[in-house]
Amino acid sequence: MNAFLFSSKTLAYVAVAVLSLAASSCARVTLAWADLKPDGDTAAPPVLESFSGDSAVNEAAVWRDSRTPLLRDAFERHVHGVMPDASSTQVLEKRVLDDAAFGNRGRLEEWTLSATAVFNDVAVETRETMDRGGFLVQVVTPINTPGPAPVILMETFCPSWDVIPHAAVSRPDDANSMSGGVFGAVATYVFGRYICTPPIEEILDRGYAIASIYPGAVIADNRGRGMAELRRLSAGHADDETRWGAVAAWGWLFSRVVDAIEKDERFDEDGFVVWGHSRYGKAALVAAAFDPRIDGVISHQSGTGGASLNRNKPGESVRSMTQTYPHWFSRAYAAAAGEEHTMPVDQHQLLALIAPRPVLLGNARRDVWSDPNGAFRAAMGADAAYELLGSQGLEQDRLNVWRPDADLAFWIRAGTHGVVKEDWPAFLEFLDAHFKTGAASPALVGG
Ligand code: GCU
């Protein structure tokens with residue numbers, strides 16, 4: 001009887017899980033596996049070759065001073081849309097919610113920020129359309145480890161009260177939870193233990209702070225409201241073809257949080273690491289490529305428009321993504337669908353713009369929709385820029401050789417799209433290898 005109950009319950013979960021996967025369009029279930037050897041075209045064009053009229057680069061100073069501005073400009077015009085000419089961030093309020101939170105490990109604060117984007121001298125502030133007069137950032141600081149703490153800046157799908165599960169975090173009276181109840185159980189079953197809530201206690205024990213925002217509160221992940229807000233903020237930019245998309249704006253939001261935390265001495269200014277999964281993994285790469293103050297990136301399953309190459313790609317095509325999510329990228333990128341080989345840039349050059357800063361690309365073998373093999377080949381293509389800048393770059397010739405200490409680190413596990421129990425231990429290993437200060441025991445979490 002018990003065995004029957006167990007198996008029917010499991011079956012029910014699997015049925016709901018598969019249905020919700022199909023409905024969510026957050027992942028595609030296939031029987032395919034990503035090949036563990038680089039398979040297909042190598043990245044083109046080579047990152048150090050002549051580009052947009054300039055000659056091949058063989059000096060670090062030339063790369064920094066003349067190649068990176070050209071590449072950023074090309075990504076703005078052909079992929080993400082144009083970024084603001086100038087930006088600023090206003091800290092409207094800082095509230096301490098609990099100075100001994102998470103088992104006396106961390107101090108929890110909530111900050112209210114507002115940001116201004118300037119395009120062609122037209123300045124527009126985010127808060128003009130926000131109920132609360134600004135957007136919230138939950139900041140958790142470790143209290144048991146010495147020195148300024150490296151910070152993991154997170155953007156997530158889940159509302160803040162699920163990401164930072166503490167009763168004092170602001171939430172509307174009618175707020176739904178994505179991590180509780182049946183919905184939460186199914187979401188966790190399908191997308192993994194850490195899809196909403198990271199292992200906060202372990203993160204604090206290892207000496208890292210967290211600054212978490214819900215980007216959908218500023219730019220809704222929705223073609224109607226999202227596009228309207230993108231257009232409002234970029235009112236001074238006349239060209240619809242190159243107007244910024246949500247991925248660029250979510251990347252820009254990471255930088256607005258950096259504006260606020262870099263003024264606070266509790267945080268290590270050499271340890272600002274952006275973290276994002278999937279669409280926010282795409283945004284995390286943009287943030288680091290455009291903002292040199294960002295010191296590291298964990299971009300998990302970022303896929304198309306993220307770390308995976310556009311050319312000859314399996315999994316999600318540029319056409320499919322830009323049709324389903326027209327608010328994510330510029331119209332120019334959508335127009336290049338089917339003609340990706342003619343684009344002057346590909347995604348390995350976005351990774352190269354982050355060099356020599358540490359990047360972790362997280363992947364799963366059955367998540368072929370996000371094309372792990374294409375992300376690996378992009379890392380291979382970016383490697384020359386890392387080496388030019390004196391970094392070891394990519395230290396593996398197959399997808400499954402885990403080198404968390406490499407500056408271009410590539411992580412792949414079994415399974416599908418999500419943030420599962422094996423992922424955060426890998427993220428923390430990478431963080432410890434590159435950003436650890438006086439942290440406590442490096443024992444792995446999860447398991
Ligand atoms: C969809 C989309 C991907 C995206 C993912 C996510 O699957 O096609 O491009 O990365 O959602 O954000 O979860």
Side-chain angles (χ1 to χ4, degrees), residues 17-30 32 34 79-80 154-159 162-163 178-179 186-196 198 213-216 219-223 226 245-251 253-254 274-287 297-310 313-330 333-334 336-337 340 346-347 350-351 360-375 378 411-412 415-420 423:
V18 170
L19 283 175
S20 61
L21 252 182
S24 71
S25 93
C26 278
R28 301 290 151 99
V29 183
T30 71
V79 181
H80 301 104
M154 306 185 66
E155 291 191 356
T156 57
F157 295 85
C158 300
D162 286 329
V163 180
M178 284 178 70
S179 61
V186 172
T188 305
Y189 187 85
V190 177
F191 294 114
R193 177 189 297 187
Y194 298 129
I195 190 61
C196 280
I213 60 169
Y214 178 61
I219 310 291
D221 188 8
N222 165 299
R223 66 175 82 184
V247 166
W250 294 330
L253 272 181
F254 272 122
V274 289
W275 180 98
H277 172 227
S278 212
R279 63 202 69 183
Y280 302 118
K282 304 183 210 290
L285 293 173
V286 177
V297 183
I298 299 175
S299 175
H300 187 52
Q301 301 175 321
S302 62
T304 306
S308 302
L309 293 173
N310 296 316
K313 76 188 324 306
E316 182 176 32
S317 65
V318 174
R319 172 166 291 123
S320 162
M321 181 181 67
T322 53
Q323 282 177 351
T324 313
Y325 307 98
H327 55 297
W328 282 3
F329 290 90
S330 71
Y333 189 39
E340 292 85 350
D346 208 329
Q347 302 306 109
L350 191 67
L351 300 181
L360 169 59
L361 302 179
N363 295 272
R365 231 184 136 187
R366 280 200 184 278
D367 183 25
V368 289
W369 181 245
S370 83
D371 186 18
N373 206 278
W411 157 251
I412 191 161
T416 55
H417 199 71
V419 191
V420 307
D423 289 328

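Indexing begins at 1, ligand by ligand and atom by atom, following the structure's order.
When heavy-atom distances to ligand 1 are checked against a 4.0 Å cut-off, Trp328 comes that close only through its side chain, counted from C-beta outward. Contacts between Tyr280 and ligand 1 below 4.0 angstrom, taking non-hydrogen atoms only, are absent altogether.
Near Trp369, meaning under 4.0 Å from one of its heavy atoms, ligand 1 places the atoms 2 (C), 7 (O), 8 (O). Distances below 4.0 Å separate heavy atoms of Lys282 from the following atoms of ligand 1: 3 (C), 4 (C), 9 (O), 10 (O). For ligand 1, the atoms sitting less than 4.0 Å from at least one non-hydrogen atom of Arg279 are 5 (C), 6 (C), 10 (O), 11 (O), 12 (O), 13 (O), numbered in the order shown with element in parentheses.
In terms of polar-atom proximity, defined here as any N/O pair under 3.5 Å, His277 makes no such contact with ligand 1. Taking distance alone, with nitrogen or oxygen atoms compared against 3.5 Å, Thr304 stays at or beyond that limit from ligand 1. The shortest N or O to N or O distance between Gln301 and ligand 1 is not under 3.5 Å.
A ring-ring contact (aromatic ring centres under 6.0 Å, His included) with Tyr280 is found for exactly one of Phe254, Trp275, Trp328, Trp250, namely Trp250.
A search for side-chain hydrogen bond (donor to acceptor under 3.5 Å, both in side chains) contacts involving Thr304 returns Lys313, not counting sequence neighbours.
Inter-residue side-chain proximity for Val318 and Tyr333 is flagged as met; some heavy-atom pair is nearer than 4.5 Å.
When all heavy atoms of Gln347 and Gly306 are compared, the closest pair comes out as NE2-O, 2.9 Å. His327 approaches Asn222 most closely through the heavy-atom pair NE2-N, 3.2 Å. For the pair Met321 and Glu316, the tightest heavy-atom approach, listed with the atom from each and the gap, is CB-OE2, 3.2 Å.
Counting heavy atoms only, Glu316 comes closest to atom 9 (O) of ligand 1 of the residues His417, Met321, Glu316.
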Checklist entry - Run the side chain to side chain contact (heavy atoms under 4.5 Å, CB included) check on Asp423 and Gln301 step by step: do they pass? => result CA-CA 11 Å; Asp423 289 328; Gln301 301 175 321; 5.6 Å; no
